[in-house]
Protein chains: 2
Amino acid sequence: MQSNPTTDIQQVKDIFSEHLRERKARRTPERFAILEEIYNRDDHFDAESLYIHMKTNNYRVSRATVYNTLELLVSCDLVKKHQFGKNLAQYEKSYGYKQHDHLICNTCGRVTEFCDPRVQQIKNMMGDILSFRVTGHSLNLYGECAGACERTQ
Amino acid sequence: MQSNPTTDIQQVKDIFSEHLRERKARRTPERFAILEEIYNRDDHFDAESLYIHMKTNNYRVSRATVYNTLELLVSCDLVKKHQFGKNLAQYEKSYGYKQHDHLICNTCGRVTEFCDPRVQQIKNMMGDILSFRVTGHSLNLYGECAGACERTQ
DNA sequence: ATACCTGCAAAAGCTTTGCACAAGG
DNA sequence: CCTTGTGCAAAGCTTTTGCAGGTAT
């Protein structure tokens with residue numbers, strides 16, 4: 001994931017706070033701690049590793065709360081959820097990041113990001129043709145890294 | 001899924017048979033029964049519903065064999081496997097069908113297919129730019145059907 | 001004859017749920 | 001206060017695995 005030094009954690013917290021208010025959901029310390037944890041990471045992660053990482057850092061939190069909060073964050077677009085062909089959801093922060101798609105190496109599992117404006121053209125055209133309001137998409141390319149890559153993930 | 005009257009089940013069985021031979025895997029009646037079952041369907045399905053359908057038709061088969069065979073069929077491109085954002089793999093027959101992508105209604109779950117040549121252009125260009133051998137892809141558009149749709153699936 | 005395959009059931013792995021207690025509004 | 005959220009553990013669901021018996025080659 002590209003680093004983006006302009007992302008201000010406070011801005012993100014404000015957006016989340018506002019989203020919670022709109023939903024009449026409570027602003028609990030756990031929810032903000034999870035948000036912070038996610039925005040301190042720079043990779044794709046799954047719910048379990050997020051949970052483990054917080055436990056390791058002595059933050060008392062439960063899996064239930066992690067899943068619950070991830071869903072809240074996805075619903076306000078602060079986090080994106082992916083299924084890279086496995087039965088394990090992967091997440092990444094998304095505020096301040098350009099929309100992008102993913103290229104996944106079948107051998108080493110590495111995930112690379114890319115952007116292509118044609119994706120937006122496809123969304124627009126297919127929405128029109130098929131009378132469908134397109135609100136999101138997922139495009140993953142699968143294959144093999146060039147140089148040598150090991151099965152590490 | 002578009003119907004395709006030109007698909008000949010015998011042709012498909014021959015391809016599978018050849019694939020099994022190459023792999024030095026056995027040509028068991030179960031494997032061909034599952035292949036036939038899949039090619040008699042015209043929709044996207046999950047492993048459990050395929051299993052249930054065969055049991056209902058009094059074909060004695062186990063989940064283990066269904067999963068095993070689905071993997072074999074995916075590996076020789078007779079079946080495609082999808083993850084439409086849920087933790088439940090969906091499959092569809094693919095021999096004789098044009099490559100296509102999917103549009104999924106978040107409300108009613110309906111899956112519509114579409115083709116757009118720009119997907120291939122993106123694959124080619126990104127493979128080049130990122131030194132990646134692209135062997136497959138998955139493009140799903142999510143949104144809402146135009147007219148009224150009910151949550152039925 | 002001998003691998004490999006199958007059915008069955010149990011296990012595994014991710015996610016959701018139930019419940020009692022805690023705490024935000 | 002009252003309702004929603006939390007932690008914990010158990011349940012739920014899809015998929016995988018172990019094992020004993022069966023079968024393709």
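Excluded from the calculations below are hydrogen atoms, water molecules and symmetry mates; all remaining heavy atoms, backbone and side chain alike, are included.
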Does the side chain of His100(B) come under 3.5 Å of the side chain of Glu92(B) through a donor N or O and an acceptor N or O?
yes

Leu20(B) CG to dT23(D) P: how many Å, rounded?
19 Å

Length of the line joining Arg21(B):CZ and dA24(D):P, which is rounded to integer Å
16 Å

Would you kindly give the CG-to-P distance between Leu88(A) and dC13(D), to the nearest whole Å?
20 Å

Between dG7(C), dT6(D), dG7(D), which nucleotide has the shortest distance from any of its atoms to the side chain of Thr65(B)?
dG7(C)

Is the CD atom of Glu18(A) crowded by more than 12 outside heavy atoms at less than 6.0 Å?
yes

With respect to the phosphate group of dA23(C), does any side-chain polar atom (N or O) of Arg27(A) fall under 4.0 Å of OP1 or OP2?
no

Under 4.0 Å, counting only non-hydrogen atoms across every strand here, what does Asp46(A) touch: a base, just sugar-phosphate, or nothing?
nothing

May I ask you to decide if Arg41(A)'s main-chain N or O and Lys93(A)'s side chain share a donor-acceptor pair within less than 3.5 Å?
yes

Please say yes or no: joined through hydrophobic side-chain contacts below 4.5 Å, possibly via intermediate residues, are Leu20(A) and Tyr67(A) part of one cluster?
no

Side chain of Tyr67(B) only, please: which of dG7(D), dC5(C), dT15(D) is the nearest?
dT15(D)

Spacing of Glu71(B) atom CD relative to dT17(D) atom C1', expressed in whole Å
13 Å

When the nearest nucleotide of DNA chain C is assigned to Glu30(B) and to Asn87(B) on a heavy-atom basis, which residue is associated with the more 5' position?
Glu30(B)

Taking CE from Met54(A) and C1' from dG7(D), how many angstroms apart are they, rounded to a whole number?
14 Å

Donor/acceptor link under 3.5 angstrom from Arg26(B) side chain onto base of dC5(C):
no

Short side-chain N/O contact from Arg31(B) to OP1 or OP2 of dC5(C), under 4.0 Å
yes

Presence of Asn68(B) side-chain N/O under 4.0 Å of dC5(C) phosphate oxygens OP1/OP2
no

Of Lys24(A) and Ala89(B), whose closest DNA chain D nucleotide lies nearer the 5' terminus?
Lys24(A)

Given 3.5 Å as the limit, does a donor-acceptor pair link the side chain of Tyr39(B) with the main chain of Tyr95(B), or not?
yes

Compare side-chain N and O positions of Lys55(A) against OP1 and OP2 of dG7(D) and report whether any pair is under 4.0 Å apart.
no

Whole Å only: how far is the CZ atom of Phe32(B) from the P atom of dC5(C)?
12 Å

Does NZ in Lys55(B) sit with more than 12 non-hydrogen atoms of other residues, nucleotides or ligands closer than 6.0 Å?
yes

Return the value, rounded to whole Å, for the distance between atom CZ of Arg63(A) and atom P of dA9(D).
10 Å

Counting any heavy atom closer than 4.0 Å, what does Lys86(A) reach on the DNA or RNA strands: base, sugar-phosphate only, or nothing?
nothing

Among dT15(C), dT6(C), dG5(D), which nucleotide has an atom closest to any side-chain atom of Thr28(A)?
dG5(D)

Name the closest nucleotide to the Pro29(B) side chain, picking from dC8(C), dG7(D), dA24(D).
dA24(D)

Send over the distance from Tyr51(B) OH to dA9(C) P, rounded to a whole Å.
9 Å

Toward the 5' end of DNA chain D, by each residue's nearest nucleotide, Ala25(B) or Tyr91(B):
Tyr91(B)

